[in-house]
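Here is the structure we will look at.
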Amino acid sequence: MIVRKSKIEIEKMRRAGQVVADVHKELRDKIRPGMTTLDLDKMAEERIRKAGATPTFKGYQVGAEVFPATLCVSINEEVVHGIPSSKRVLEEGSIISIDCGATLDGYVGDSAITLPIGRISEELELLLARTQGSLYAAIAQSIVGNRIGDISHAVEAFVSPFEYGVVEDYCGHGVGRRLHEEPQIPNIGIPNTGRRLKSGWCLAIEPMINLGTHETVLLDDGWTVITADRRASAHFEHSIAVTDDGPIILTSRGDDPPGPWTPGTSPMA
Ligand code: MG
Ligand code: MG
């Protein structure tokens, strides 16, 4: 069942989303070579708790595995779900996906950005820009009357000129009182197929794009997903609400490109 959210619920989702946006803004400003991924995790947890929210990922269970941290931090060939560690030091020239979830007043915000550590190669810069571009192309399709296949196809079509690998093993999802709700939002798809979008749907859209193969491997820690060919991967995610006035970006950091969306404004206004 796909849960439709009321305007009041969407406003609550936006407030949760803004906690995540604040975490990302802080980490974007402070991230430096020499820090550890655990340093980032501590900063994120502190900021979330100060806002009166809780880290959604900490204690999240999949089968027998319990995720131990506030952030998923995934460096270079790591695609998603990397575990923060005091032994993992950030190195100049790397890229790091920082995926964060916060629960406030019973509602979840879920968003990811991939940041450069110091100076990175042009190849990686382009990968980041194009992956982020594919996210906004998908958000632009998140309008009442379109279908899920339109969102999925937008990601795939945006990156298709570049011969990247589009990750198929993991995908976006509905979001609300729970981190993962229906429907699933794949990053490849056929236009005009799948469920028709309805006002009040809240979706976490999250393209994961690889320099090389789309194929992934799960590491022995039970969480970390890497590319099968060990080439780099980028990941951008926003939680959005589908409304009669167009998509609202609930986890907006206020720096979205101009588009047919409402960046982080209140649906109550
Ligand atoms: Mg996420
Ligand atoms: Mg997600």
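The analysis underlying the following values was restricted to heavy atoms, covering all of them including side chains, and did not include hydrogens, waters or symmetry mates. As the structure lists them, so they are numbered: ligands from 1, and atoms in each ligand from 1.
- When you scan the N, O or S atoms of D99 for the one nearest the Mg ion (ligand 1), you land on OD1.
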Audit row: I83, D221, side chain to side chain contact (heavy atoms under 4.5 Å, CB included) steps and yes/no: CA-CA 9 Å; I83 301 169; D221 64 16; 4.0 Å; yes
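- Using a 4.0 Å cut-off between charged side-chain N and carboxylate O, R130 and E125 make no salt bridge.
- The angle subtended at the Mg ion (ligand 2) by NE2 of H173 and OE2 of E237 is 110°, given to the nearest 10°.
- Salt-bridge check for K58 with E45: passed, with a basic side-chain N closer than 4.0 Å to an acidic carboxylate O.
- One finds a salt bridge joining R88 and E78 here, because a Lys/Arg side-chain nitrogen approaches an Asp/Glu carboxylate oxygen to under 4.0 Å.
- Of the angles at the Mg ion (ligand 2), the one spanning OD2 of D110 and OE2 of E206 is 170° when given to 10°.
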